Amino acid sequence: VVRRAIESVASNPSLEAFDQQVLKTLFLIRYVDEITGNIDNLVTLFIDRIDADRLELRKEIEASLQRLEGQTLVNRNGEDYFFLTNEERDISREIKTVDLASGEETKLLGELIFDEVLGSLRKYRYPENNKDFGISRLCDLHPYGNRSEGDLVISVVTPLSDEYDAFGEARCITQSTSDDGQVLIRLDDDKALARELRTYLQTDKYIKRKNDGTATHTTQKILRERSDENRERKERLKAIIERLMKEAKYYAAGQPRPAPSGSVGAAAEEALGYLVKNSFPKLGYLNNPVSNPQTEIRSVLA
């Protein structure tokens, strides 16, 4: 079975002769714990002479892995590639065909950004007088969670947005003045983000659909492996987003704000502080704001 899979490369018009050697190598190291199938290891294994051009060899292997992955002969987990058995290949093909509903990717992005990386930032306390402000959150211009009138707005624009290319410096500055001012965070592009996010959602959806008690023992084992990979994938997604948030461009009330020098949460709070200061310039006059002004007014009138 393995031999047929490797030999089939020769008759596949979408693949090249070199791909057969890469596939064979991935099979040989599939069950060797000491050697993972990342590109650096493959380059080392493919060196056949002292003066080999490692850079050129790396490009060849990268291109080959893309072709093999496209034909579902290998699978990718982060930076590691591995040979697929027949059963694994069938499941991987089915995962790739899982349809995602509109908004699923944006919803997961919002969850990762606002709940995981920003740590459920729902309120901001202005340090000048300890006044609390609610926060409405937008991911790629779509609301995440509830939105209330009078809330401060944090809007994150990611590379997955349909309007991403339109958010140059001028558009970001203009957008940060809308809704009486808001904090806008524009993430840099990262190809791994879209790939990992889509694969995570498709795999998660597929596993939930297949775990109905009717799967064979072999299929259940593969589903458990895919589930483990997906847990790792979610951690990678959080790490990617945290890095992008640290490298992002921040804007508030029509002005660029400093890049994060510490935590992402501190950068967001700095931008929120600037927004409050410029949106409510006379807020400092309130030395002792009450937590419930409606109750206070009724008490005074009574």
Side-chain angles (χ1 to χ4, degrees), residues 103 105-194 197 237-284:
E105 290 174 283
T106 303
K107 182 182 177 183
L108 178 58
L109 264 179
E111 175 190 320
L112 292 169
I113 291 169
F114 294 113
D115 293 341
E116 300 285 351
V117 176
L118 287 178
S120 299
L121 184 62
R122 297 171 185 268
K123 286 187 177 182
Y124 171 70
R125 174 163 290 185
Y126 188 54
E128 297 292 328
N129 57 9
N130 292 326
K131 164 71 175 173
D132 285 333
F133 292 87
I135 295 176
S136 290
R137 301 163 293 176
L138 302 178
C139 180
D140 289 338
L141 306 182
H142 297 285
Y144 178 75
N146 297 325
R147 186 170 184 178
S148 302
E149 191 70 29
D151 280 356
L152 303 177
V153 176
I154 293 184
S155 178
V156 181
V157 179
T158 80
L160 274 68
S161 170
D162 293 335
E163 298 185 48
Y164 181 73
D165 291 336
F167 274 86
E169 182 84 1
R171 172 74 184 275
C172 289
I173 289 173
T174 302
Q175 186 72 24
S176 71
T177 63
S178 63
D179 295 325
D180 297 323
Q182 61 179 238
V183 172
L184 186 136
I185 306 170
R186 182 190 183 274
L187 308 189
D188 289 340
D189 197 1
D190 189 299
K191 293 179 182 177
L193 177 62
L197 193 78
L237 276 166
K238 285 192 275 188
I240 289 170
I241 290 173
E242 185 159 12
R243 174 177 56 78
L244 291 177
M245 292 282 283
K246 286 181 179 178
E247 298 170 354
K249 292 182 174 63
Y250 286 67
Y251 303 85
Q255 294 294 324
R257 300 307 302 152
S261 56
S263 69
V264 172
E269 292 204 358
E270 189 281 333
L272 286 167
Y274 182 86
L275 176 62
V276 170
K277 186 175 182 179
N278 286 272
S279 299
F280 307 99
K282 296 182 180 179
L283 189 62

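Residue numbers start at 1 and run along the sequence shown. On a predicted model such as this, the values are computed, not experimentally measured, just so you know.
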Next item on the list: Using a 4.5 Å cut-off on heavy atoms from C-beta on, say whether the side chain of L138 contacts that of V153.
Entry: yes
Check: Is the closest side-chain heavy-atom distance between E169 and P256 below 4.5 Å?
Finding: yes
Check: So how far is it from E116 CD to L108 CG, rounded to the nearest 0.5 Å?
Finding: 9.5 Å
Check: Is a donor on one side and an acceptor on the other found under 3.5 Å between the side chain of S176 and the backbone of G254?
Finding: yes
Item checked: Test item: Y164 side-chain N/O and R186 main-chain N/O as donor-acceptor pair under 3.5 Å -> no
Note to self: Rounded at 0.5 Å granularity, tell me how far CG in D189 sits from CG in D165.
What the structure shows: 8.0 Å
Check: Taking all non-hydrogen atoms of both residues, which atom of L187 and which atom of P159 are closest, and how far apart?
Finding: CB-CD, 4.2 Å
Check: So do the side chains of E270 and P258 get within less than 4.5 Å of each other, counting heavy atoms only?
Finding: yes
Next item on the list: Check whether NZ of the Lys or CZ of the Arg R137 lies under 6.0 Å from the centre of the six-membered ring of F114 and within 45 degrees of that ring's axis.
Entry: yes
Check: If you count the non-hydrogen atoms of other residues, nucleotides and ligands that lie under 6.0 Å from CG in D162, is the total more than 12?
Finding: no
Margin query: Is the shortest side-chain heavy-atom distance between Q175 and L141 below 4.5 Å?
Written below: yes
Next item on the list: Supply the atom-to-atom distance T174 OG1 to Y251 OH, rounded to the nearest 0.5 angstrom.
Entry: 10.5 Å
Check: What are the two closest heavy atoms between C139 and G110, and how far apart are they?
Finding: SG-N, 3.8 Å
Next item on the list: Calculate, to the nearest 0.5 Å, the distance between atoms CZ and CG belonging to R257 and L184 respectively.
Entry: 13.5 Å
Next item on the list: Please name the residue in the list L244, L118, I241 that meets the side-chain contact (heavy atoms from CB on, under 4.5 Å) test with V264.
Entry: L118
Notebook entry, point to check: Which value, rounded to the nearest 0.5 Å, describes the distance between Q255 atom CD and N278 atom CG?
Noted result: 8.0 Å
Next item on the list: Look only at the side chain of Y124 and the backbone of A268, and say whether a donor-acceptor pair between them is shorter than 3.5 Å.
Entry: no
Check: Are the side chain of D140 and the backbone of H142 linked by a donor-acceptor contact shorter than 3.5 Å?
Finding: no
Note to self: Within a 6.0 Å radius of atom NZ on K238, are there more than 12 heavy atoms belonging to other residues, nucleotides or ligands?
What the structure shows: yes
Next item on the list: Identify the heavy atoms of V156 and M245 that sit nearest to each other, and give their distance.
Entry: CG1-SD, 4.5 Å
Checklist line | Point-to-point distance, once rounded to the nearest 0.5 Å, from NZ of K123 to CG of D151 | finding: 10.0 Å
Item checked: Shortest non-hydrogen contact from A271 toward A252 -> O-CB, 3.7 Å
Checklist line | Close side-chain approach of I113 to T158, heavy-atom, < 4.5 Å | finding: yes
Checklist line | pair R122-I135: side-chain heavy atoms closer than 4.5 Å | finding: no
Next item on the list: For Y144 and D115, test the side chains for any donor-to-acceptor distance below 3.5 angstrom and give the result as yes or no.
Entry: yes
Checklist line | Closest heavy-atom pair and its distance - F167, C172 | finding: O-SG, 3.7 Å
Margin query: Given L112, which partner from the list L193, V117, L197 fulfils the side-chain contact (heavy atoms from CB on, under 4.5 Å) test?
Written below: L197
Check: Who pairs with D180 by salt bridge (charged side-chain N to carboxylate O under 4.0 Å, His left out), at least two apart in sequence or on another chain?
Finding: none
